[in-house]
2 protein chains.
Amino acid sequence: MSSDFTAGERPESDLTARARVRDAALTQFAEHGFKGATMRGIAEAAGVSLGLVQHHFGSKDALREACDAFVVEAFRHRLTRSAADGTLGEPGFMADLYETSGPLLRYLARALVDDSPAAATVFDQLAAGAEAFLSETWPDRFPAGSTAAREAAAVMAAMHSGTVVLHGHLARRFEFDPLDRANTTRIGKAMLDLYAAMGEFATSSTAERIRESANAYDDPNGEPR
Amino acid sequence: MSSDFTAGERPESDLTARARVRDAALTQFAEHGFKGATMRGIAEAAGVSLGLVQHHFGSKDALREACDAFVVEAFRHRLTRSAADGTLGEPGFMADLYETSGPLLRYLARALVDDSPAAATVFDQLAAGAEAFLSETWPDRFPAGSTAAREAAAVMAAMHSGTVVLHGHLARRFEFDPLDRANTTRIGKAMLDLYAAMGEFATSSTAERIRESANAYDDPNGEPR
DNA sequence: TTGTGAACAATACAATTGTATTGTCGTTGG
DNA sequence: CCAACGACAATACAATTGTATTGTTCACAA
């Protein structure tokens with residue numbers, strides 16, 4: 001509640017010990033995974049004793065739940081705000097997120113592949129936001145509540161999350177320091193270029209052939225429903 | 001070398017014990033992560049003793065390296081083949097991959113976020129394939145060897161990998177069993193629909209405004225170089 | 001003042017886990 | 001025939017790790 005983890009620089013010392021432990025846990029979980037992170041490692045990173053970590057959170061599972069709740073709340077804030085001004089569908093949204101709250105996103109990336117319930121919640125919110133964006137922008141193609149909108153939004157959420165979860169590999173290919181700011185906008189621009197090109201591909205005859213072969217796979221008899 | 005892990009059904013019993021241990025390790029590592037998986041769990045899943053796992057692979061790290069090498073080789077095969085017939089850029093490629101070699105992909109998904117060297121190799125091959133696809137399809141927009149091609153390809157690799165790494169969440173939103181075949185094609189079709197729509201967005205005036213604001217961020221002075 | 005409880009630390013303990021050691025059995029090469 | 005070697009198993013061992021226990025300090029209310 002009272003951590004400025006999401007806002008750029010943090011004093012690191014004026015935080016309550018409990019908040020410092022939670023922040024350290026977020027980083028350790030993100031870096032080594034839930035199993036890989038240790039209570040003692042978290043305590044050391046937070047500059048407190050092992051006993052204090054237990055005193056405030058009880059168990060390792062409870063600590064994870066606290067981290068999950070914190071991340072869910074932080075992203076809910078962020079997502080509702082971006083959904084309000086309609087920037088959620090923009091390709092730069094994810095890159096921007098990574099800039100302002102790196103540790104949070106790295107934790108979320110881990111949680112997404114460990115499929116913790118918190119990650120599912122955030123992903124669902126992301127997909128819901130994407131669905132709203134698609135339905136508002138193209139009401140004809142993605143009617144609100146349609147499965148077309150729902151499925152396209154899910155894919156959009158997965159693909160855009162991919163640029164976050166795989167941010168390390170992306171950075172290696174871009175040849176810049178993954179922690180360096182002012183470089184994440186290049187990812188957003190590359191996404192726009194890619195979308196522009198692949199948009200043509202998706203409406204080409206080649207793509208149409210792919211769609212048909214996919215239909216044939218879904219329905220081998222080729223009969224109309 | 002002699003495992004048909006990548007080909008649909010596997011007899012599970014006519015494999016050499018060493019291969020069965022490797023296959024079990026792939027599944028266990030994919031399911032619980034490297035730290036979370038245990039030697040004893042792998043031995044039990046393979047139906048052998050703990051001692052045999054050590055006898056064949058020496059240590060847990062060596063076992064991971066063996067898994068890495070196997071996965072890299074399997075994907076190299078698959079990618080070079082798909083690059084040959086030009087299907088690598090098609091949105092259904094990833095979904096198709098998931099169908100035919102699910103355990104392999106789940107292992108790769110874990111490796112990608114644990115950033116093992118093997119995952120980096122596969123991702124680089126994926127990005128290289130995507131770059132070739134882009135440069136061949138749009139030589140004007142993505143000239144071979146240009147940074148535009150390189151960066152767009154990296155983003156494409158990350159986004160498409162996202163549909164694999166986050167396949168569990170995708171399946172939850174699609175409301176079908178992630179292990180069920182004949183459903184992954186719907187992901188490919190949704191990707192085409194999304195690309196078609198976002199392609200228009202990427203060429204809209206809104207996107208152009210985004211590009212400009214990104215440029216301003218890169219170069220606050222706005223001065224020409 | 002006193003005592004009550006929270007913040008914080010140090011230690012003890014049992015379970016897990018990777019690895020080393022030792023042993024058995026079947027095959028194979030001389 | 002037998003020695004050697006690899007496949008395979010059982011056990012032992014030390015290190016790590018989560019958690020329980022106990023103790024200390026200090027603020028604050030009665």
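Convention: sequence-line order gives letters A, B, ...; per-chain numbering from 1.
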All ring pair (Phe, Tyr, Trp, His ring centres under 6.0 Å) counterparts of B/Phe75, not counting sequence neighbours: none
Distance in angstrom units between B/Arg64 CZ and C/dT19 P, rounded: 12 Å
Closest to side chain of A/Leu52, choosing from D/dA9, C/dA7, D/dG6: C/dA7
Within the 6.0 Å centroid threshold, strictly below: B/Phe70 and B/Tyr107: no
Nearest-angstrom distance from the residue atom CG of A/Leu63 to P of D/dT17: 15 Å
Residue whose nearest DNA chain C nucleotide is more 5′ - B/Gly36 or A/Val48: A/Val48
Short side-chain N/O contact to C/dC8 OP1/OP2 from A/His55, under 4.0 Å: no
Sugar-phosphate only, base, or nothing, as touched by B/Ala43 at under 4.0 Å among non-hydrogen atoms: nothing
Residue closer to the 5' end of DNA chain D, B/Lys35 versus B/Ala17 (nearest nucleotide): B/Ala17
Quiz item: cation-pi between A/Lys35 and B/Phe34, 6.0 Å / 45°: no
Test side-chain contact (heavy atoms from CB on, under 4.5 Å) applied to B/Ala132 - qualifying residues, sequence neighbours left out: B/Glu136
Atom pairs under 3.5 Å, N or O on each side, protein against nucleotides 13-16 of chain D: can you list them with distances?
none

Rounded distance in Å - CZ (B/Phe57) to C1' (C/dT19): 16 Å
Residues forming a salt bridge (charged side-chain N to carboxylate O under 4.0 Å, His left out) with A/Glu151, sequence neighbours excluded: B/Arg186
For atom CZ of B/Arg18 and atom C1' of D/dA7, their distance in whole Å: 13 Å
Side chain of A/Lys60 - closest among C/dC8, C/dT19, D/dT19: D/dT19
Spacing between A/Glu44 atom CD and C/dC8 atom P, to the nearest angstrom: 18 Å
Residues that A/Phe57 engages under ring pair (Phe, Tyr, Trp, His ring centres under 6.0 Å), provided they are two or more places apart: none
All side-chain contact (heavy atoms from CB on, under 4.5 Å) counterparts of A/Asp193, not counting sequence neighbours: B/Phe142, B/Arg211
A/His56 vs C/dC8: side-chain N/O to OP1/OP2 distance below 4.0 Å: yes
Table of protein N/O atoms under 3.5 Å from nucleotides 20-23 of chain D N/O atoms:
from: D/dA20; atom 1: N7; to: A/Gln54; atom 2: OE1; distance (Å): 3.2
from: D/dA20; atom 1: N6; to: A/Gln54; atom 2: NE2; distance (Å): 3.1

Spacing between B/Met39 atom CE and D/dC8 atom P, to the nearest angstrom: 17 Å
Qualifying residues under side-chain contact (heavy atoms from CB on, under 4.5 Å), relative to B/Arg40, sequence neighbours excluded: B/Thr38, B/Leu50
B/Thr80: side-chain contact (heavy atoms from CB on, under 4.5 Å) partners, not counting sequence neighbours: B/Arg76
